[in-house]
Amino acid sequence: MWLAGMAVNSTSQLFKSLLVTSELIDGQNRGRLASSSLYDICTRVHDCILKSGMDQNPYVANKLMRVYIRCGKVQDARHVFDKLVKKNVFNWTTMIGGYAEHGRPADAIEVYNQMRQEGGRPNEVTYLSILKACACPVGLKWGKEIHAHISHGGFRSDVPVQTALVNMYAKSGSIKDARLVFDEMAERNVITWNVMIGGLAQHGFGQEAFSLFLQMQEEGFVPDSTTYLSILTATACSSAGALGWVKEVHRHAVKAGFDSDMRVCNALVHVYSKSGSVDDARLVFEGMLDRDVISWSAMIGGLAQNGCGHEAFSLFLKMQREGVIPNVTTYHGCGQEAFSLFLRMRREGVVPDAITYMSILNASASTGALGWVKEVHRQAVQAGLDSDVRVGNALVHMYCKTGSISDARLMFDGMVERDVITWTAMISGLAQNECGQEAFSLFLQMQREGFIPVATTYASILNVCTSTGLAMVEEI
DNA sequence: CTAGGGTTAG
């Protein structure tokens with residue numbers, strides 16, 4: 001702020017402003033200023049740089065580019081970059097890194113290729129940046145080319161570059177190539193192990209990730225919190241038989257003192273729920289000293305998915321009493337909680353137990369589940385999360401499940417964004433509530449609007465057809 | 001002087 005009003009007209013002041021600005025963004029002050037005011041400062045400093053002609057100084061230009069990138073203004077950085085007549089390796093690398101940070105592999109590759117055409121020599125940092133940009137499915141074809149450049153360019157024994165290669169292959173879906181590079185490495189560090197373990201975990205190879213977790217320790221490496229966060233992912237732990245090694249990883253984490261690490265505990269809560277042990281999840285959750293919205297959401301979602309609807313809802317209320325504000329994920333978890341609860345009610349029939357159950361959820365036994373749904377809905381609106389398509393879907397589904405088809409339709413009609421799940425939820429809700437005609441016209445409408453029905457959509461609409469005659473079946 | 005590999009909920 002003070003910078004914005006400051007007279008910046010001498011070269012030394014210019015440098016000072018630029019450095020202060022970049023420190024503001026890079027250093028510990030980050031976040032204390034709104035990015036809009038940082039951007040404002042940056043453009044003012046930029047103006048002065050242009051007036052003094054310092055924009056052709058590669059060092060100054062690089063600082064300026066960094067600040068723009070940190071403000072999220074990659075296009076402005078690109079403008080500075082393009083105007084720069086003589087670019088050094090820092091400028092090229094910064095530009096590539098900027099695109100990498102903002103998930104723009106095609107632009108990063110364009111700059112990288114331009115660099116090579118103009119005779120620029122990428123160094124290890126350039127490779128780290130371009131590999132980061134290519135660490136996504138669309139980046140694989142480019143990533144392979146860069147792999148060849150790296151092998152020819154003499155970076156075969158550079159641990160960070162090779163680690164970045166492993167990461168690139170893992171993130172772009174080619175886990176086999178990732179493992180190949182990993183196995184070929186003569187030297188590795190903790191990050192290398194974390195990348196490989198995380199890659200296997202993300203691809204659902206939990207058992208393999210776990211054996212690497214043991215192997216790294218045999219080789220003298222000490223797992224850090226990232227190791228635990230990498231291995232304890234839902235995809236790695238939801239397969240049958242995962243619970244055994246998850247508990248083993250948990251024991252290691254406790255022994256190493258990571259049981260006081262909130263993020264590790266969050267991952268444990270989630271993963272225990274996913275591997276079917278809600279009791280272990282609850283134990284971890286209860287033992288936590290600090291909890292954030294992720295902790296609460298993980299626990300609520302875990303309870304919900306394991307048929308502990310009542311507990312999930314009371315935890316949802318408790319979370320808010322403790323001042324933690326639910327986000328989209330929390331509501332999503334609640335939606336699932338409601339589903340499983342109501343599905344369970346249906347399975348069990350209307351037994352007094354279920355009504356008693358609902359009366360705990362809601363003060364009024366007569367409104368039962370619907371009141372509960374409305375309460376969640378009200379809070380979602382209050383939080384401004386009802387416009388989220390996932391929350392909307394959950395609410396449509398919940399209203400249908402509680403038999404309030406009019407509320408479901410109201411929700412459905414009011415949604416600004418719908419996906420195939422929205423349509424299917426509404427159609428099956430109508431179908432199950434004997435509104436076959438309405439379900440069918442919605443089925444036609446969804447296709448007019450360009451949505452392609454999925455198997456569940458057909459299942460719902462075919463159910464309608466069996467009860468209302470065959471005329472519709474022919475149309476389908 | 002400047003660029004920098006890995007990170008939990010859905």
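In the text below, chain A, chain B and the rest are named by the order of the sequence lines, each starting its count at 1. Keep in mind that what you see is a predicted model, and the values were worked out from it rather than measured.
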- Query: When you look at CG of D183(A), are more than 12 heavy atoms from neighbouring residues, nucleotides or ligands closer to it than 6.0 Å?
  - Reply: yes
- Task: Check the pair H250(A) / Y272(A) against side chain to side chain contact (heavy atoms under 4.5 Å, CB included), numbers first and verdict last.
- Result: CA-CA 10 Å; H250(A) 187 183; Y272(A) 269 132; 2.8 Å; yes
- Query: Looking at dG10(B), dG4(B), dA3(B), which one has an atom nearest to any side-chain atom of N123(A)?
  - Reply: dA3(B)
- Item | Within residues 225-252 of chain A, residues whose heavy atoms come under 4.0 Å of DNA chain B | T226(A), L229(A), A234(A)
- Nearest-angstrom distance from the residue atom CD1 of I150(A) to P of dG5(B): 14 Å
- Note on the structure: Testing dA3(B), dG10(B), dG5(B) for proximity to the side chain of V125(A), the answer is dA3(B)
- Here the distance between atom C1' of dT2(B) and atom CG of L64(A), to the nearest Å, is 12 Å
- Task: For the residue pair Y68(A) and H79(A), confirm or rule out a side-chain donor-acceptor distance under 3.5 Å.
- Result: no
- Query: Does F90(A) lie flat on the base of dT2(B), that is, centres under 5.5 Å apart and planes under 30° off?
  - Reply: yes
- Identify which nucleotide among dC1(B), dG5(B), dT8(B) has an atom closest to any side-chain atom of Y59(A), counting heavy atoms from C-beta outward. dC1(B)
- Using whole Å, report how far CG of N88(A) lies from P of dA3(B). 11 Å
- Task: Measure from CG on L128(A) to P on dG5(B) and round the result to the nearest Å.
- Result: 6 Å
- Taking the six-membered ring of F451(A), is the NZ or CZ of R418(A) close enough (under 6.0 Å from the centre) and on axis enough (within 45°)? no
- Query: Counting side-chain heavy atoms from CB outward, which of dT2(B), dA9(B), dG5(B) is closest to V159(A)?
  - Reply: dG5(B)
- Query: When you check the phosphate oxygens OP1 and OP2 of dG5(B), does a side-chain N or O of K171(A) lie under 4.0 Å from one of them?
  - Reply: no
- Query: Are there more than 12 heavy atoms of other residues, nucleotides or ligands under 6.0 Å from atom CD of Q320(A)?
  - Reply: yes
- Message: So, OP1 or OP2 of dG5(B): does either fall under 4.0 Å of a side-chain N or O from K132(A)?
- Response: yes
- Message: In this structure, how many angstroms lie between the P atom of dG4(B) and the CD atom of E124(A), rounded?
- Response: 13 Å
- Task: Would you indicate what K87(A) reaches in the nucleic acid, counting non-hydrogen atoms under 4.0 angstrom: base, sugar-phosphate, or nothing?
- Result: nothing
- Between dG4(B), dG10(B), dG5(B), which one does the side chain of H270(A) approach most closely? dG10(B)
- Quick one: label N266(A) by what it contacts on the DNA or RNA (base, sugar-phosphate, nothing), any heavy atom closer than 4.0 Å. base
- Message: From C-beta outward on A164(A), which listed nucleotide comes closest to its side chain: dG5(B), dT2(B), dT8(B)?
- Response: dG5(B)
- Task: Starting at atom CZ of F285(A), determine the distance to atom P of dT8(B), rounded to an integer number of angstrom.
- Result: 20 Å
- Message: Please report the distance, rounded to the nearest Å, between CD1 in I130(A) and P in dA3(B).
- Response: 18 Å
- Task: Just call it for N189(A): base, sugar-phosphate, or nothing, with non-hydrogen atoms closer than 4.0 Å on any strand.
- Result: base
- Task: Name the nucleic acid region contacted by D224(A), choosing base, sugar-phosphate or nothing; use a 4.0 angstrom heavy-atom cut-off, strictly under.
- Result: base
- Would you say a side-chain N or O of R66(A) is under 4.0 Å from OP1 or OP2 of dC1(B)? no
Please report, to 0.1 Å, the donor-acceptor pairs under 3.5 Å made by any side chain of residues 165-175 of chain A, with sequence neighbours excluded.
residue: N167(A); atom: OD1; partner: K171(A); partner atom: NZ; Å: 3.0
residue: Y169(A); atom: OH; partner: H147(A); partner atom: ND1; Å: 2.8
residue: S172(A); atom: OG; partner: M168(A); partner atom: O; Å: 2.7
residue: S172(A); atom: OG; partner: Y169(A); partner atom: O; Å: 3.3
residue: S174(A); atom: OG; partner: D177(A); partner atom: OD2; Å: 2.5

- Task: Run the numbers on Y228(A) and H252(A) for side chain to side chain donor-acceptor pair (under 3.5 Å), then give the verdict.
- Result: CA-CA 9 Å; Y228(A) 288 99; H252(A) 277 84; 5.6 Å; no
- Query: Between the side chains of S129(A) and T93(A), is a donor N or O closer than 3.5 angstrom to an acceptor N or O?
  - Reply: no
- Task: Starting at atom CE of M288(A), determine the distance to atom C1' of dT8(B), rounded to an integer number of angstrom.
- Result: 10 Å
